[in-house]
Amino acid sequence: MKQTLKKTNPGSAVKLNLCEADIQSLRRQLIRWFSAAKRNLPWRQHRDPYAIWLSEVMLQQTQVKTVIPYYNKFLTRFPDIRSLARADIAEVLTLWAGLGYYRRAHQLHAAARDILNHHGGVMPSEFDRLLSLPGFGPYTAGAVASIAFGQRVPAVDGNVLRVMTRLLADGRDIHQPAVQRDLRRTAETWVPPRRTGDFNQALMELGATICTPRNPICTRCPLGSICRARRKGDPAQFPRRTPTVDRRTLYLAAIAVTDGSGKLFMAQRRSPGLWAGLWELPSVTTPGPDAPHVREVIKLAAEHHGIHLTAVRRVTDIVHILTHRHITVWIYQGRAAGSGRKRGRPAPPPTPTDYAATCWTAHPDALPLSVLAEKQLAALRAAEADIPAAGCAGRGQE
DNA sequence: AAATCGTGGAC
DNA sequence: TGTCCAAGATT
């Protein structure tokens, strides 16, 4: 039996949902399909709630393929909540460097400490308690509660939102928080009393492998018989697309400052913010779109970093693209003419203002670096600039 | 509610 | 090549 609903119905009195019979069919078909089709992923070999939690955090807005190597390394180094909670945030960031969205690493660490200090080191199992931990939103709390503890709660991520809008032929904009909340309430009625974790994972797995954003493979979909978008003939029109926003451009002048003994001046970014806690060449924003003159760079270095430069030259420049930023970086090199510098000794790091900390180091690659910072060092070396050589401590060399 | 927060895969 | 967007959370 089918409900008679208006097509896409914002404001309709009747809640957009499947009928009871279709919900039963959905549960059965999905679980059956998942048993046969599920991918063999590292986190599916664990029953430990911590291991599942870690995977869910790393997978936020990050593809499975990208996460896998980070996950394995992280879990080897920090096999349980206690080891993570007692670790230095610097080491956590080192293992996270390159994965992006670094707030996740800070909050993962904070939540581990919270669990150790206030929950006896035992992961909470209830949705509401999980939700109150740092880094847990509706999705992650639902995923951990259902997958690790079998709680009957939904786990609605981007995959599930897409699958749901297609099953329901729901034309609303899933980027709107109110729409997401409504779909989560609908999903609550879909989660079966048993095998909640498998059901939630099956919905996500379907979205990731069959019900994909473009070119969904409806011929292989176990839910084809109840999918309203498929019946309408064009499932890919759901979910509704939203107009893209332009990337803002950002212009930076970065300076590779060396002292007399082969050390490089590095700066650690503040938290919160972009690349929080990671290290990079000290830089300042400039009006753009033209590269600042050398004398301007000398002035900026003195103002922002308290360093007096000599022998400044522009070495190279790079472009870095983020989701909503287009960053142009002009890279300069100079030598510190610090007053306190003696033979073979770097000047003490100036008191940081723009940054959380600064340091002189002969091994900049040993610090947790953003991908942009790695690009900066690589570009300098390609230009044969006079900076410390790459050591063996950097990532991506194994 | 709309912005912010990274990086890379896929087409 | 540009665009979308990925097991989202936070302010």
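So that the names make sense, note that chain A is the first sequence line, chain B the second, and so on, each numbered from 1.
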**Prompt:** Residues from residues 179-199 of chain A sitting under 4.0 Å of DNA chain C, heavy atoms only?
**Reply:** none

**Request:** Give a yes/no answer on whether the side chain of A/His324 brings an N or O atom under 4.0 Å of OP1 or OP2 in B/dG6.
**Result:** no

What pairs of donor and acceptor atoms, side-chain ones from residues 321-333 of chain A against any protein atom, are under 3.5 angstrom apart with sequence neighbours left out?
| unit_1 | atom_1 | unit_2 | atom_2 | d |
| --- | --- | --- | --- | --- |
| A/Tyr332 | OH | A/Pro292 | O | 2.6 |
| A/Gln333 | OE1 | A/Asp386 | N | 3.2 |
| A/Gln333 | NE2 | A/Asp386 | O | 2.7 |

**Prompt:** Which is true for A/Leu274 with a 4.0 Å heavy-atom rule: it touches a base, it touches only sugar-phosphate, or it touches nothing?
**Reply:** sugar-phosphate

**Message:** Without decimals, in angstroms, what is the distance between A/Leu99 CG and B/dC5 P?
**Reply:** 17 Å

**Asked** So, are A/Arg172 and A/Asp182 salt-bridged, with charged N and O less than 4.0 Å apart?
**Response** yes

**Message:** Once salt bridge (Lys or Arg N to Asp or Glu O under 4.0 Å) is applied, do any residues pair with A/Arg103, and if so which ones, sequence neighbours excluded?
**Reply:** none

**Prompt:** When rounded to the nearest Å, what value does the distance between C1' atoms of B/dG9 and C/dA9 take?
**Reply:** 23 Å

**Complete:** By side-chain contact (heavy atoms from CB on, under 4.5 Å), A/Ile23 pairs with (sequence neighbours left out) A/Asn17, A/Leu18, A/Glu20, A/Arg27, A/Thr189, A/Trp190

**Atom C1', compared across B/dG8 and C/dT1: separation rounded to whole Å** = 15 Å

In residues 110-133 of chain A, what donor-acceptor pairs under 3.5 Å come from side-chain atoms, sequence neighbours left out?
| unit_1 | atom_1 | unit_2 | atom_2 | d |
| --- | --- | --- | --- | --- |
| A/Asn117 | ND2 | A/Arg113 | O | 3.1 |
| A/Ser132 | OG | A/Arg129 | O | 2.7 |

**Item:** Atom C1', compared across B/dA3 and C/dA7: separation rounded to whole Å
**Value:** 22 Å

**A/Arg248 vs B/dT4: side-chain N/O to OP1/OP2 distance below 4.0 Å** = yes

**Prompt:** Which whole-number value in Å describes the distance from A/His106 NE2 to C/dT11 P?
**Reply:** 14 Å

**Asked** What is the distance from CD of A/Glu374 to P of B/dT7, rounded to the nearest Å?
**Response** 9 Å

**Request:** Report the residue (A/His320 or A/Pro177) whose heavy-atom-nearest nucleotide on DNA chain B is the more 5′ of the two.
**Result:** A/Pro177

**Item:** Pairs satisfying salt bridge (Lys or Arg N to Asp or Glu O under 4.0 Å), at least one member in residues 187-197 of chain A, at least two apart
**Value:** A/Arg195-A/Asp198

**Message:** From CG of A/Asp173 over to P of B/dA1, roughly how many Å is that when rounded to an integer?
**Reply:** 12 Å

**From A/Leu108, A/Val67, A/Leu59, A/Leu84, residue fulfilling side-chain contact (heavy atoms from CB on, under 4.5 Å) relative to A/Leu54** = A/Leu108

**Prompt:** Which letter, B, S or -, goes with each nucleotide of nucleotides 4-9 of chain C from 5' to 3', with contact meaning a protein heavy atom under 4.0 Å?
**Reply:** SSBBBB

**Fill in**
Sorted by chain and number, sequence neighbours left out, salt bridge (Lys or Arg N to Asp or Glu O under 4.0 Å) with A/Asp80 holds for none

**Request:** Mind calculating the distance between CZ (A/Arg325) and P (B/dT7) to the nearest angstrom?
**Result:** 13 Å

**Request:** Rounded off to whole Å, could you give me the CG-to-P distance for the A/Leu322 and B/dG6 pair?
**Result:** 8 Å

**Request:** Hey, could you give me each pair passing salt bridge (Lys or Arg N to Asp or Glu O under 4.0 Å) that has a residue in residues 199-221 of chain A? Not counting sequence neighbours.
**Result:** A/Arg39-A/Glu205, A/Arg44-A/Glu205

**Message:** In whole Å, I'd like the distance from the NE2 atom of A/His326 to the P atom of C/dT1.
**Reply:** 14 Å

**Asked** Once you round it to whole Å, what is the distance between P of B/dG8 and CD1 of A/Ile68?
**Response** 16 Å

**Message:** Between A/Tyr71 and A/Trp43 (judged by ring centroids, cut-off 6.0 Å), do the two rings come close enough to count as a pair?
**Reply:** yes

